[in-house]
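A short write-up of the structure that comes next.
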Amino acid sequence: MEHTMTQHSMFSIETVAPKIRKVTFSNPPVNVVGADTVIQLVDVVGELSRDEQVQVVVFDSGTPGYFFNHADLGQVPELLALNSADGTPTWVDLVTSLTSAPFVSIASIRGRTRGGGEEITLAFDLRYASREEAFFCQPEVAIGIVPGGGGSDRLARLLGRDRALEAILTSQDFDADTAERYGWVTRAVAGAELDDLVNGVAARIASFDKQSVLGAKTQINRSTLPPVADLRASWAEFAESVNWPGFQARVPQLGKAIAEMGLEEIERNLGHCAGLINEQA
C-alpha cells in the first residue's frame, strides 16, 4: 500500500499498513521533553485514538542517540502549569491515555531514555530496546527532586521494590541487557535485529481481531497499572520538589558542568555526571 504521513513539528505519523502507524519523535539535539512536546503528543494520541482503523502504533526516534529524553528543565514551570479542564495535570492525562488507548503501543528504543521521557516510555504497552544503543535512567533524585511522571509508580510494579529503589535512588544509567533482566523493557536485541522484531510483533498483533486485542489489554491493565490517584500524587510531589533547596543548589552546578564539559558529553553520560554534580553541591 502507499505510505502516507502527517506532520506535527516534533512528531510525524506514518501509515505503514492499514492497521499500523509509526510515530517518530524528533526534538534535536537530544530529544528533551518540554511542555510543547506534551501538548503535541496529547494531540497525536488523540488523533490515533479517534481513527478506528488503527490497531498498533510503533513509537521511535528520528534523533540519533536519543529516544524520549528527560524533561526540559527550562520548561518546568510551563509543564507544571498544564492542566486539563477538570484540573488533572496534562501529563497524567497523557500517560493514562496512552495506557488506555484503543491501540497497542510499541516502543522501538535506540538511544538514551531518561526522566520524563522514560516515564512516557513506561506508559507504552511494549518496549523493545537495542542492546548496543539503549540506556535508561531516572535522574531526578541526583538533581534534588523526585520523579513525577509515573516513574516510581510504574517501576515499582515492573521491577519490584528493591530494584525500583536501586534505579531511582542511584540515578544511574542502566544498559538494555540489565533493563531486560530487571523487567524494565520487554526485550533487548541486537540493534540490527530491532526493526525486524518490532515490525513482526506489530504485524502479528495487527492481524488479530481488534476487539479481542483490546479486551485482553484491558484485563492486563486492570491487574498491573498504578491507580490514577497515585499518579496525581506523584505529580504533586514532583511539583513541590522543584522548590526544594537541594534542587535549587544543583541547577547552577548542572549549568556549570554543561558549560565545562559540553551538552553532548553530559547527555551521553548523564547518570555518571549527576554523581559529579553532587560532589560539588
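Not measured: the values here are computed from a predicted model.
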- Message: If hydrophobic clusters are built by linking Ile, Leu, Val, Met, Phe, Trp and Tyr wherever their side-chain heavy atoms come under 4.5 Å apart, do I109 and V23 end up in the same one?
- Response: yes
- Should the pair D60-R110 be classified as a salt bridge under the 4.0 Å nitrogen-to-oxygen rule? no
- Result for side chain to side chain donor-acceptor pair (under 3.5 Å) between N69 and one of E118, E267, R112 points to E267
- Task: Without swapping roles, check the side chain of R250 against the backbone of G246 for a donor-acceptor pair under 3.5 Å.
- Result: yes
- Task: Give a yes or no on this: more than 12 heavy atoms of other residues, nucleotides or ligands lie within 6.0 Å of atom CZ of R268.
- Result: no
- Non-hydrogen atoms of A167 and L159 that approach each other most closely: CB-CD2, 4.4 Å
- If you take all heavy atoms of A129 and F136, which pair is closest and at what distance? CB-CZ, 4.0 Å
- Query: Is it true that L254 and V242 fall in one hydrophobic cluster, defined by side-chain heavy atoms closer than 4.5 Å?
  - Reply: yes
- Message: Between D36 and Q40, do the side chains contain a donor N or O and an acceptor N or O under 3.5 Å apart?
- Response: no
- Message: Would the distance check show the side chain of R114 and the main-chain N or O of H70 forming a donor-acceptor pair, the cut-off being under 3.5 Å?
- Response: no
- Query: Are any side-chain N or O atoms of K217 and backbone N or O atoms of F103, one a donor and one an acceptor, separated by less than 3.5 Å?
  - Reply: yes
- Please lay out, stage by stage, how W184 and T178 fare under the test side-chain contact (heavy atoms from CB on, under 4.5 Å). CA-CA 8 Å; W184 203 322; T178 304; over 6 Å; no
- Message: When you measure from the side chain of Q138 to the backbone of G151, do you find a donor-acceptor pair of N or O atoms at a distance under 3.5 Å?
- Response: no
- Mark yes or no for whether D125, through its side chain, and S105, through its backbone, hold a donor-acceptor pair below 3.5 Å. yes
- Query: With the 4.5 Å side-chain cut-off for hydrophobic clustering, are L94 and F238 part of the same group?
  - Reply: yes
- Query: Short question: side chain of R161, backbone of R157 - any donor-acceptor pair under 3.5 Å?
  - Reply: no
- Message: Can you give me the closest heavy-atom contact between D153 and S234, atom names plus distance?
- Response: OD2-OG, 2.9 Å
- Aromatic plane relationship, F59 with F124 - under 30° parallel, 30 to 60° tilted, over 60° perpendicular: parallel
- Are V33 and Y66 linked, directly or through other ILVMFWY residues, by side chains that come within less than 4.5 angstrom of each other? no
- Would T218 and N221 satisfy side chain to side chain donor-acceptor pair (under 3.5 Å), going step by step from the backbone distance to the final call? CA-CA 5 Å; T218 297; N221 282 355; 5.5 Å; no
- Shortest non-hydrogen contact from K210 to D51? NZ-O, 4.2 Å
- Task: May I ask you to test the F11-T37 pair for a side-chain heavy-atom distance under 4.5 Å?
- Result: yes
- Query: Would you say D173 and H272 make side-chain contact, with heavy atoms under 4.5 Å?
  - Reply: no
- V44/F25 under side-chain contact (heavy atoms from CB on, under 4.5 Å): CA gap, chis, key distance, verdict: CA-CA 11 Å; V44 167; F25 173 46; over 6 Å; no
- For the student: nearest non-hydrogen atoms of A101 and L214, plus distance: O-CD2, 4.3 Å
- Message: For R131, is the CZ atom crowded, meaning more than 12 foreign heavy atoms sit under 6.0 Å from it?
- Response: yes
- Would a 4.5 Å heavy-atom cut-off, applied to side chains only, mark F174 and R181 as touching? no
- At what distance, to the nearest 0.5 angstrom, does CZ of F135 lie from CZ of F67? 15.5 Å
- Query: Hey, are the side chains of K19 and I205 touching, using non-hydrogen atoms and a 4.5 Å cut-off?
  - Reply: no
- Rounded to the nearest 0.5 Å, how far apart are CG of L98 and CG of L48? 9.5 Å
- Query: Hey, are the side chains of T99 and R154 touching, using non-hydrogen atoms and a 4.5 Å cut-off?
  - Reply: yes
- What distance separates S108 OG from L197 CG, expressed to the nearest 0.5 Å? 8.5 Å
- Item | Whether E260 side chain and G255 backbone form a donor-acceptor pair below 3.5 Å | no
- Note on the structure: Rounded to the nearest 0.5 Å, the CE atom of M10 sits from the CG atom of N31 at a distance of 9.5 Å
- Output for pair (E119 CD, E140 CD), nearest 0.5 Å, gives 5.5 Å
- Message: Looking at every heavy atom in both V54 and V57, which two are closest together, and how far apart are they?
- Response: CG1-CG2, 3.5 Å
- Any chance you could measure I145, atom CD1, to E240, atom CD, to the nearest 0.5 Å? 12.5 Å
- Message: Hydrogens and angles aside, do T90 and D93 bring a side-chain donor and acceptor to less than 3.5 Å of each other?
- Response: no
- Query: Are D86 and T88 linked by a side-chain donor-acceptor pair shorter than 3.5 Å?
  - Reply: yes
- Would you indicate whether the side-chain heavy atoms of D43 and E47 approach each other to under 4.5 Å? no
- Message: Is it the case that the side chain of Q75 and the backbone of A35 share a donor-acceptor pair, with hydrogens and angles ignored and the cut-off at 3.5 Å?
- Response: yes
- Modelled atom types, side-chain donor and acceptor of Y182 and E166, under 3.5 Å: yes
- Message: With a 4.5 Å cut-off on side-chain heavy-atom distances among I, L, V, M, F, W and Y, is there a chain of contacts connecting L270 to V32?
- Response: no
- Message: Counting neighbours of CD on E132 that are heavy atoms of other residues, nucleotides or ligands and sit closer than 6.0 Å, is the number greater than 12?
- Response: yes
- Does the side chain of Y128 reach to within under 4.5 Å of the side chain of E193, using non-hydrogen atoms? no
- Sub-4.5 Å side-chain heavy-atom contact between N27 and T63: no
- Query: Would you find a donor on one side and an acceptor on the other, under 3.5 Å apart, between the side chain of N278 and the backbone of A142?
  - Reply: yes
- Judged by atom type as modelled, is there a donor-acceptor pair below 3.5 Å linking the side chain of R232 to the main-chain atoms of V228? no
